[in-house]
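Presented below is the structure to which this report refers.
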Amino acid sequence: MKKLIIAIDGPSGVGKSTLSKVLAHELGYLNLDTGAMYRTVALAASRRSIDASDHDALRLLCDEIVIEFSIKGGKDCVLLNNEDVSAEIRTPEISLLTAAVAACSEVRQAMVARQRELGNAGGVVLEGRDIGTVVFPDADIKFFLKASAGVRGRRRFLELQANGADVELARTIAEVEARDEADINRATSPLRQAEDALVIDTTNLDIPQVLERMFETVKDFFCEQGEGSR
Ligand code: DC
């Protein structure tokens, strides 16, 4: 059976991480959280006191650091030079810095190259902002998820709270909106829906309902392929 490249794009808080994890797990595919890669670059920059406007320093940093994905105790984790930084990359400070770092074209070039390297062979679910438009414009299946900012902010707030973070709902919603602004308005690879993406509005849908649609789409893809090869 063909090993697909599946793209899941959309703003923060639409459920991309959970959905891509489950989808990848059920299909036996690799799950590539591309946002975690940009977050890891931001963390590395912050540790070395590199300013997000210093593109030369960011480019050198990307050449130097090694970002890898691994599974520890059944959980996906991100490694920066072999150190598990999965929790550290999710603080509100790093989230804000990430939006600035992800706007740097040198950083994007380096990350896109690494994402293509990891996903090229197929059997992968990639989640991000520019997967269906820039990283893999020929992906076999493209999903674009959306939901209202209020709902997305609340979801992010509950997630952070569950992880023991000291957060406020209004501030979390404002941060989600600020990040959306930066992602949509940046010059390089802005958040944009691919024309051939299947759009799913998750405002009033729970995770199992969205998953059902995604699995249907994958099933339809294989059925159509089977018919085409007859
Ligand atoms: O999905 P996330 O919230 O972990 O993403 C973190 C940041 O990285 C967010 O500001 C959007 C940015 N990002 C991006 O620019 N391109 C991607 N492919 C993935 C994330």
Side-chain angles (χ1 to χ4, degrees), residues 5-21 23-24 31-46 52 55 58 62 67 69 76-78 80 85-119 124-137 139 142-147 149 151-160 163 165 167 172-194 197 202:
I5 296 180
I6 301 179
I8 305 182
D9 288 305
S12 53
V14 282
K16 292 192 304 293
S17 302
T18 312
L19 293 160
S20 64
K21 246 179 246 166
L23 195 62
N31 174 38
L32 214 74
D33 175 357
T34 62
M37 296 172 77
Y38 290 99
R39 286 173 178 274
T40 303
V41 176
L43 176 68
S46 143
H55 291 196
L58 286 175
C62 288
I67 301 174
F69 291 95
D76 286 341
C77 59
V78 194
L80 166 60
V85 292
S86 313
E88 223 179 315
I89 59 168
R90 309 250 165 227
T91 63
E93 292 73 24
I94 294 298
S95 296
L96 267 185
L97 181 62
T98 305
V101 164
C104 166
S105 58
E106 287 84 349
V107 171
R108 298 206 73 84
Q109 240 171 40
M111 292 305 112
V112 168
R114 180 85 177 117
Q115 288 154 21
R116 287 183 179 149
E117 204 176 272
L118 292 167
V124 66
V125 180
L126 298 105
E127 59 129 323
R129 305 292 190 284
D130 59 344
I131 309 301
T133 51
V134 175
V135 185
F136 285 111
K142 298 178 188 180
F143 294 107
F144 189 89
L145 307 181
K146 58 183 194 180
V151 164
R152 291 185 291 117
R154 180 173 288 278
R155 286 178 188 160
R156 184 64 99 191
F157 168 77
L158 294 174
E159 191 182 295
L160 289 167
N163 288 336
V167 281
T172 311
I173 293 177
E175 279 165 3
V176 163
E177 285 172 340
R179 227 140 34 94
D180 284 356
E181 266 301 292
D183 292 342
I184 291 167
N185 293 317
R186 68 171 174 239
T188 322
S189 304
L191 169 65
R192 201 163 39 83
Q193 177 194 317
T202 74

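We count ligands from 1, going down the list as the structure has it; atoms in each ligand are counted the same way. Residue numbers run from 1 in the order of the sequence given. As the structure is a prediction and not an experimental result, all values here were calculated from the model.
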Under 4.0 Å to a heavy atom of [X] - the qualifying atoms of ligand 1, by number:
X	answer
Arg90	4 (O)
Arg156	3 (O)
Thr98	6 (C), 7 (C), 8 (O)
Asp130	17 (C), 18 (N)

Looking only at atom types and distance, does a side-chain atom of [X] sit under 3.5 Å from a main-chain N or O of [Y], one as donor and one as acceptor?
X	Y	answer
Arg116	Val135	yes
Ser46	Ala42	no
Asp183	Leu191	no

Ligand 1 N/O within reach of [X] N/O, cut-off under 3.5 Å:
X	value
Arg39	yes
Thr34	yes
Asp183	yes
Asp33	no
Glu127	no

Side chains of Thr34 and Glu127: any donor to acceptor distance under 3.5 Å?
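Thr34 and Glu127 do not have a side-chain donor-acceptor pair below 3.5 Å.
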
Side chains of Ser12 and Arg156: any donor to acceptor distance under 3.5 Å?
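No.
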
Nearest-0.5 Å distance, CD of residue Glu159 to CZ of residue Arg90:
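With rounding to 0.5 Å, CD (Glu159) is 7.5 Å from CZ (Arg90).
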
Tell me, yes or no, whether the heavy-atom count around Arg154 atom CZ, taken from other residues, nucleotides or ligands under 6.0 Å, exceeds 12.
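Check fails, neighbour count at 12 or below.
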
Please lay out, stage by stage, how Val14 and Leu19 fare under the test side-chain contact (heavy atoms from CB on, under 4.5 Å).
CA-CA 9 Å; Val14 282; Leu19 293 160; over 6 Å; no

Considering residues at least two apart in sequence or located in another chain, which fulfil the side chain to side chain donor-acceptor pair (under 3.5 Å) criterion with Glu117?
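So Glu117 forms a side chain to side chain donor-acceptor pair (under 3.5 Å) with Arg114.
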
Region of Ala102 that comes within reach of ligand 1 [heavy atoms, distance under 4.0 Å]:
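The answer is the side chain.
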
Identify the closest protein heavy atom to atom 20 (C) of ligand 1: which residue and atom is it, and at what distance?
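It is Gly35 CA, 3.5 Å.
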
Tell me the protein heavy atom at minimum distance from atom 1 (O) of ligand 1, and give that distance in Å.
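For atom 1 (O) of ligand 1, the nearest protein heavy atom comes out as Arg129 NH1, 2.9 Å.
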
Does ligand 1 have any atom sitting under 4.0 Å from a heavy atom of Met111?
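Judged by the 4.0 Å heavy-atom criterion, Met111 does not count as contacting ligand 1.
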
Going by heavy atoms, is Arg108 under 4.0 Å from ligand 1?
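Contact present.
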
